[in-house]
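What follows is a short report on a single structure.
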Amino acid sequence: MFTGLLIGIAFGILLQRTQFCFVSGFRRLLFQKNTRFITMLLIAVSIQSIGLFCLAELEIIKIPQTTLPIMATIVGGLLFGIGMVLGNCCGSGAWFRSAEGALGSLLALVAFAITMASAQTGSLHQFIDHWTQQTTEWDNIYLTLAISPWWLVGALILVTCGLSFLGNKSTDTEKLSFFDRTFKRPWNPYLGGLLIGLLGVLAWYLSAQTGRNYGYGIAVPSANVVQYLVIGQQRYLNWGSLFVLGIPLGSFLMAKISGDFRLKIPEPQEALRRILGGVIMGLGAALAGGCTVTNALVATAYFSWQGWIATGCILIGCWFANKWIVKNKRRKQYEI
């Protein structure tokens with residue numbers, strides 16, 4: 001079980017060094033047509049896809065086959081996209097940004113985790129269940145289409161390679177020492193995507209050994225941390241909850257070494273906006289079956305309808321919030 005903590009620390013290191021942030025990455029994609037983050041994401045998804053289906057072929061893990069609650073997924077994805085813009089972080093971003101000293105992200109994280117816990121077993125449980133139990137017969141895309149998943153893996157790899165080739169225009173020729181390259185500058189995003197993908201495959205394998213048939217996960221494990229602190233039941237202290245607790249440890253270590261750690265205290269109005277964003281993210285993740293990590297990074301890798309639809313809706317919600325809720329004159333001032 002404690003391998004979850006080690007994987008979480010490694011994931012926190014990768015998040016901090018690559019600045020793997022869905023909010024800023026989606027914003028650059030939508031408003032600057034910058035594809036670096038989406039390419040990095042697709043590299044991580046592609047690597048996981050290859051690894052997960054190989055492990056499934058060897059019967060080491062089992063690919064989830066959950067039916068699609070279409071309306072809950074659409075509404076939840078839209079809400080999560082709006083919430084992460086208001087909170088200026090997503091689930092994983094809240095954990096690693098908090099460890100960099102961003103107290104606004106910590107407020108969003110607490111609101112997000114409490115809302116998820118409420119949806120899991122508390123006052124919001126019946127409301128969320130009403131939506132998520134209205135399912136279709138769709139589960140995974142390749143099963144719906146009655147084709148081998150390797151056709152989709154191949155298509156994903158082709159798209160990823162195409163984006164990598166088109167976006168690989170590095171102009172950084174400055175000679176730096178190994179220490180500066182490793183700890184003072186963000187890592188190459190494509191290398192980061194590769195490492196995140198490989199770690200994701202290892203995470204799933206180690207998690208499956210404990211009976212948890214999944215890899216990276218933020219939303220439910222964050223709720224489990226709250227449940228364990230409040231209720232104290234041992235079942236909430238599991239691989240997933242230790243994983244999310246490891247993220248800030250790895251991120252804090254790298255932030256201190258690189259000099260990125262700075263306490264940032266939000267203004268009162270900003271703090272309220274962050275809390276509201278965390279609550280909306282929690283509602284969205286509960287409806288959509290998870291946050292950006294669960295849907296955009298992991299569920300897309302095994303071609304879950306919910307993962308791909310939720311990711312598209314999160315992008316739409318992110319665009320809407322940036323375009324109509326967040327004032328244009330302040331958009332560029334936000335520090336993720």
Side-chain angles (χ1 to χ4, degrees), residues 1-15 18 20 22 40-66 80 90-96 116 139-142 149-150 152-153 156-157 160 192-225 236-251 285 288-308 310-311 314:
M1 185 173 72
F2 285 96
T3 58
L5 184 66
L6 297 177
I7 294 295
I9 292 172
F11 192 53
I13 290 171
L14 290 176
L15 291 177
T18 61
F20 187 79
F22 282 93
M40 178 183 181
L41 174 61
L42 286 178
I43 290 173
V45 172
S46 298
I47 296 297
Q48 285 184 101
S49 193
I50 296 169
L52 297 183
F53 282 109
C54 283
L55 291 177
E57 292 278 354
L58 296 172
E59 299 184 351
I60 296 174
I61 67 168
K62 185 177 180 181
I63 300 296
Q65 297 177 14
T66 54
F80 193 90
C90 62
S92 59
W95 279 101
F96 94 85
M116 275 298 304
D139 37 38
N140 294 339
I141 298 173
Y142 60 91
W150 291 105
L152 298 179
V153 173
L156 178 62
I157 292 172
T160 302
L194 173 65
L195 294 176
I196 289 172
L198 290 172
L199 184 66
V201 177
L202 178 61
W204 195 307
Y205 170 76
L206 292 175
S207 176
Q209 302 307 299
T210 68
R212 177 182 176 272
N213 189 45
Y214 211 72
Y216 296 142
I218 302 294
V220 171
S222 296
N224 286 342
V225 171
Y236 291 115
L237 187 63
N238 51 33
W239 196 98
S241 55
L242 288 176
F243 167 74
V244 293
L245 290 173
I247 293 173
L249 297 179
S251 179
C291 63
T292 40
V293 165
T294 299
N295 284 308
L297 180 59
V298 179
T300 51
Y302 61 86
F303 303 105
S304 158
W305 278 111
Q306 187 171 41
W308 284 95
T311 300
I314 290 171

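Because the structure is a prediction, the values reported are computed rather than measured.
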Answer yes if the side chains of Thr3 and Trp239 hold a donor-acceptor pair under 3.5 Å, and no otherwise. yes
One pair to check against side-chain contact (heavy atoms from CB on, under 4.5 Å): Thr294 and Tyr216. What are the steps and the verdict? CA-CA 7 Å; Thr294 299; Tyr216 296 142; over 6 Å; no
Could you please spell out the steps behind the side-chain contact (heavy atoms from CB on, under 4.5 Å) verdict for Leu15 and Ser92? CA-CA 8 Å; Leu15 291 177; Ser92 59; 4.2 Å; yes
Can you see which heavy atom on Pro221 is nearest to which on Gly240, and at what distance? CB-O, 3.2 Å
I'd like to check Val225 versus Leu237 (side-chain heavy atoms, cut-off strictly below 4.5 Å). Are they in contact? no
Is there a side-chain contact (heavy atoms from CB on, under 4.5 Å) between Leu5 and Leu249? Walk through the geometry before answering. CA-CA 9 Å; Leu5 184 66; Leu249 297 179; 4.1 Å; yes
Side chains of Ile196 and Met40: does their closest heavy-atom pair fall under 4.5 Å? yes
Please report the C-alpha distance between Asn238 and Thr210 in whole Å, then the side-chain angles of each, then the deciding distance to 0.1 Å, and finally whether the side-chain contact (heavy atoms from CB on, under 4.5 Å) criterion is met. CA-CA 9 Å; Asn238 51 33; Thr210 68; over 6 Å; no
Met116 side, atom CE; Asn224 side, atom CG - distance, nearest 0.5 Å: 8.5 Å
Is the centre of the Phe243 ring less than 6.0 Å from the centre of the Phe11 ring? yes
What pair of heavy atoms forms the shortest contact from Cys54 to Trp150, and how long is it? SG-CH2, 3.7 Å
Is the backbone N or O of Ala299 less than 3.5 Å from a side-chain atom of Ser304, with the two atoms forming a donor-acceptor pair by type? no
Would you call the rings of Phe303 and Trp308 parallel, tilted or perpendicular, where under 30° means parallel and over 60° means perpendicular? parallel
Check whether any side-chain heavy atom of Leu194 sits under 4.5 Å from a side-chain heavy atom of Leu198, and report yes or no. yes
Could you tell me whether the side chain of Tyr236 reaches within less than 4.5 Å of the side chain of Ser241, counting heavy atoms only? no
Counting C-beta onward and ignoring hydrogens, is there a side-chain heavy-atom pair between Thr311 and Thr300 closer than 4.5 Å? yes
Could you tell me whether a side-chain N or O of Gln65 sits under 3.5 Å from a main-chain N or O of Asn140, the two making a donor and an acceptor? no
Under a 4.5 Å cut-off applied to non-hydrogen side-chain atoms, are Pro64 and Tyr302 in contact? yes
Could you tell me whether Tyr205 atom OH has more than 12 heavy atoms of other residues or ligands within 6.0 Å of it? no
Calculate, to the nearest 0.5 Å, the distance between atoms CD1 and SG belonging to Ile314 and Cys90 respectively. 9.0 Å
If you look at every heavy atom in Ser49 and Ala301, which pair is closest and at what distance? OG-O, 2.8 Å
In a check of side-chain contact (heavy atoms from CB on, under 4.5 Å) between Trp204 and each of Val298, Leu199, Ile60, which one passes? Val298
Hey, could you give me the CD1/CD1 distance between Ile7 and Ile247, rounded to the nearest 0.5 Å? 11.0 Å
Interatomic distance, CG@Leu245 vs CD1@Ile9, rounded to 0.5 Å, equals 10.0 Å
Ring centres of Phe20 and Phe22 under 6.0 Å apart? yes
What are the two closest heavy atoms between Ser46 and Thr160, and how far apart are they? OG-OG1, 2.9 Å
What are the two closest non-hydrogen atoms of Ala285 and Phe80, and how far apart are they? N-CD1, 3.9 Å
Examine distances only and state if a side-chain atom of Asn213 and a backbone atom of Lys62 form a donor-acceptor pair shorter than 3.5 Å. yes
Sort out for me which residue in Val45, Leu156, Val153 forms a side-chain contact (heavy atoms from CB on, under 4.5 Å) with Ile50. Val153
Quick one: closest heavy-atom pair of Gly197 and Ile47, and the distance? C-CG2, 3.5 Å
